[in-house]
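So the structure is just underneath, and the comments pick up after that.
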2 protein chains.
Amino acid sequence: MADVSITATSKPRAAASGQASSEAAPTAGEPYFDLIELLFFAYRDFVGDPDEVLAKLGFGRAHHRVLHFVNRNPGMKVADLLDILKITKQSLGRVLKQLIDEGYVVQKEGARDRRQRLLYVSPAGEALAMKLAALQTARISRVLAELGPGGREAARRFLAGMIEAEDRDHVLRLIARADSLVERERASARDDNP
Amino acid sequence: MADVSITATSKPRAAASGQASSEAAPTAGEPYFDLIELLFFAYRDFVGDPDEVLAKLGFGRAHHRVLHFVNRNPGMKVADLLDILKITKQSLGRVLKQLIDEGYVVQKEGARDRRQRLLYVSPAGEALAMKLAALQTARISRVLAELGPGGREAARRFLAGMIEAEDRDHVLRLIARADSLVERERASARDDNP
DNA sequence: GCCATTAGGTCAGGTATGTTGACATATTTC
DNA sequence: GAAATATGTCAACATACCTGACCTAATGGC
C-alpha cells in the first residue's frame, strides 16, 4: 500500500503517531472506527496468505473453507457443511465437486444411513489443509509472541464475543468437538483402539 | 446454525465444554485452529449486520467499503481509494458510479490539481455510513463491555499485529489521520476557522 | 408395503464483484 | 510541445454467490 495523501483538507498536525491515538473511549455513540478498520485489514491479510497458494491450484476461498471444515470434521455430512458455511447446496456442490474430482476430498456412503455421503479429506487434502492452516498459524504465532501471555485468551474472547449470540455456543462447541475429533482420528490411526 | 452432529466417528466424550478447551498452546507447530475458525465466524457476523441494510438499498459490500473510506477520509483522491481497497479502477468505477448516481457520494474538482476528482460523502452518504458504523460499533461495544478494561487495547493490538508488516504502519497512520481529519471536518463545520 | 420425508445431486439462469487490456480526455510538469 | 499523470470508459471474461425447479435413492412411520 502506497502513501495515501489526503490533499484537500490536509494540514500539518499531530498526524501519524504510528500507534492509533488511543483510549479516547467512544462514550456517547462514537463509532469504534479503529477496530472496524483494523478488522477489515487484518482479515484481508489473514486470508491473503492461503489465497496465494490456492490460486496456483486453481482454487479460491470457497474451496479453502470447504477443505478446512472437512479436514477438521472428518465424516461430516453435506448438510452439516451447508449449515456451517451458510451457503446453498448449489454453491457448495460446485466447489465440492472440484475438490472431489481433483482428489482432495472423498465421500463415503453412511453406514447407518446410506443416503448420506460422509466427507473426508484424502491424504493430499489433509496435506493442503494443513499447509494453509500453517500459513495462518504462522501469522498468528508472530502476533501472539509480540503480545505475550494472555494474548491468545484475549484474542479468543474478543473474537468469540463478536459472533452472533445465537450461534456462539454452537460455534464454540464445534471448535471444541473438532479438536477432540481430530485427536481421536490421530489416535485411531496409530492404534486401532479409540 | 443448527446442531452439527458428526455421526461417523462421534462417540460420547468430553465434548462441548462451551468454552473451547484452552491453553494447550500450539508449541510444536500445532495449528491455532481455534483462532482461525473464530476469525472466520467473527468476521462473517461483523459484516453481516451492514449487509442486511445495504441489501435493501441495492448495494453490496463493495459499496460499503467505498462509502466507509470516503466518509472517513473526506476529500480523498480516487487513486487513494484504489490503493486502500487494492482493486482495479474498473471495479471501483462501477460501484463508485452507483454511489454517485444515487447521491451518496459527490466529487469535486481538485483546487490545486484540476485533474483530480476529490471524493466526499453527501449528507445522505454520511448518514448511511454512520448508520452502518453504528451497527458494527454496537456489536463491538457489547463485546468490550464483557471483556472489561484493557479489552479494547488487547483487541487492537491483536488485529494490528495481524496486518501484513509491510502495510501495518500505513494502515495505522491512515486510521490516526482519518480520526483527526473527521474531527477537523466537524470543527470547520461548526466554525469556519480550522 | 405404501408413501411422505430426508439426503443429496443437478439443470437453468441471474447478480455482484472482481479481473485484463485497450483507449480516451483533461491537466500538469518538464 | 511532449511526456507523464489522474481519471473514466468500453468490451470481454471469471468466480462465487443466489433462486427456483426438479430428480434419485433411501429411510421411517403407519
Side-chain angles (χ1 to χ4, degrees), chain A residues 2-8 44 47-48 51-52 54-67 70 75-101 105-119, chain B residues 2-8 44 47-48 50-52 54-67 70 75-102 105-119:
Chain A
D3 270 296
V4 174
S5 45
I6 309 299
T7 55
R44 183 176 55 189
V47 295
D51 280 355
E52 287 178 38
L54 290 158
K56 289 175 192 157
L57 297 171
F59 292 146
R61 211 169 285 176
H63 302 86
H64 185 194
R65 292 196 284 261
V66 170
L67 185 64
V70 172
M76 75 191 308
K77 292 184 293 180
V78 170
D80 296 337
L81 202 42
L82 289 174
D83 223 38
I84 290 174
L85 300 178
K86 285 182 180 154
I87 58 175
T88 59
K89 190 165 53 163
Q90 296 85 335
S91 293
L92 175 59
R94 202 179 329 109
V95 298
L96 186 54
K97 189 173 191 310
Q98 289 176 273
L99 287 169
I100 291 169
D101 288 349
V105 170
V106 296
Q107 287 181 310
K108 294 182 189 170
E109 196 172 70
R112 291 209 301 269
D113 185 337
R114 287 178 25 236
R115 288 172 305 182
Q116 296 174 346
R117 296 299 127 85
L118 306 182
L119 300 171
Chain B
D3 271 294
V4 174
S5 45
I6 309 300
T7 54
R44 184 176 54 191
V47 295
D51 281 355
E52 288 178 38
L54 290 157
K56 289 174 191 157
L57 297 170
F59 292 145
R61 211 170 285 176
H63 302 88
H64 185 194
R65 292 196 284 262
V66 170
L67 184 65
V70 171
M76 75 190 308
K77 292 184 293 180
V78 171
D80 296 337
L81 201 43
L82 289 175
D83 223 38
I84 289 174
L85 300 178
K86 285 184 179 149
I87 57 174
T88 59
K89 188 167 52 164
Q90 295 85 333
S91 292
L92 175 59
R94 204 180 318 118
V95 297
L96 186 55
K97 189 172 192 310
Q98 290 175 272
L99 287 168
I100 292 169
D101 287 350
E102 305 202 25
V105 170
V106 295
Q107 287 181 310
K108 294 181 189 171
E109 196 172 69
R112 290 209 301 270
D113 185 337
R114 287 177 24 237
R115 290 171 302 181
Q116 297 174 345
R117 296 297 129 86
L118 306 181
L119 300 171

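So you know, we letter chains A, B, ... as the sequences are listed, proteins then strands, and number each from 1. Only this structure's heavy atoms are used, side chains among them; waters, hydrogens and symmetry mates stay out.
Scanning both residues, B:Val95 and B:Ala62, for their nearest heavy atoms gives CG1-CB, 3.8 Å. Between B:Arg114 and B:Glu109 the shortest heavy-atom distance is O-CG, 3.4 Å. B:Arg61 and B:Asp51 make their closest contact through NH2-OD2, 2.6 Å (heavy atoms, listed as atom of the first residue, atom of the second, distance).
Whole-Å rounding puts the B:Lys56 NZ to C:dA16 C1' distance at 19 Å. The interatomic distance linking A:Leu118 (CG) with D:dA26 (C1') rounds to 14 Å, in whole Å. Across the protein-nucleic acid pair, A:Gln98 atom CD and C:dT10 atom P stand 13 Å apart, rounded to whole Å. As rounded to whole Å, 6 Å separates atom P of C:dG8 from atom NZ of A:Lys77. C:dG9 atom P lies 13 Å from atom CD1 of A:Ile87, rounded to whole Å. Rounded to whole Å, atom C1' of C:dG8 lies 11 Å from atom CD1 of A:Ile100. In this structure, the NZ atom of A:Lys97 is 9 Å from the P atom of C:dC11, given to the nearest Å. Whole-Å rounding puts the B:Leu82 CG to D:dT9 P distance at 14 Å.
The stretch residues 58-66 of chain B touches DNA chain C through B:Gly60, B:Arg61, B:Ala62, B:His63, B:Arg65, each having a heavy atom within less than 4.0 Å of the strand.
The CZ atom of B:Arg94 sits 9.0 Å away from atom CD1 of B:Ile87, with the distance rounded to the nearest 0.5 Å. Atoms CD1 and CZ, from A:Ile84 and B:Arg44 in turn, are 9.0 Å apart once rounded to the nearest 0.5 Å.
The side chain of A:Gln116 has C:dG8 as its nearest neighbour among D:dC18, C:dG8, C:dT20. Checking C:dA7, C:dA22, D:dT19 against every side-chain atom of A:Gln90, the shortest atom distance belongs to D:dT19.
In this structure the side chain of A:Leu119 reaches within 4.5 angstrom of the side chain of A:Leu96, judged on heavy atoms. Using a 4.5 Å cut-off on side-chain heavy atoms (C-beta onward), B:Val78 and B:Gln107 make contact.
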Verify side chain to side chain contact (heavy atoms under 4.5 Å, CB included) between A:Leu118 and A:Lys77, making sure each step is shown before the conclusion. CA-CA 5 Å; A:Leu118 306 182; A:Lys77 292 184 293 180; 3.7 Å; yes

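By the ring pair (Phe, Tyr, Trp, His ring centres under 6.0 Å) test, B:His63 is found to be paired with B:Phe59, residues two or more places apart in sequence or in another chain being considered.
As judged by a 4.0 angstrom heavy-atom cut-off over every strand, A:Gln107 is placed among residues touching the sugar-phosphate backbone only.
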Could you write nucleotides 24-30 of chain C as a row of B, S and -, 5' to 3', where a protein heavy atom under 4.0 Å of any base atom gives B, of only sugar-phosphate atoms gives S, and otherwise -? --BBS--

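In this structure, B:Val78 and A:Arg94 both approach DNA chain D, and ranking their closest nucleotides by distance from the 5' end singles out B:Val78.
Considering only side-chain N and O atoms, B:Thr88 lies under 4.0 angstrom from the phosphate OP1 or OP2 of C:dT19.
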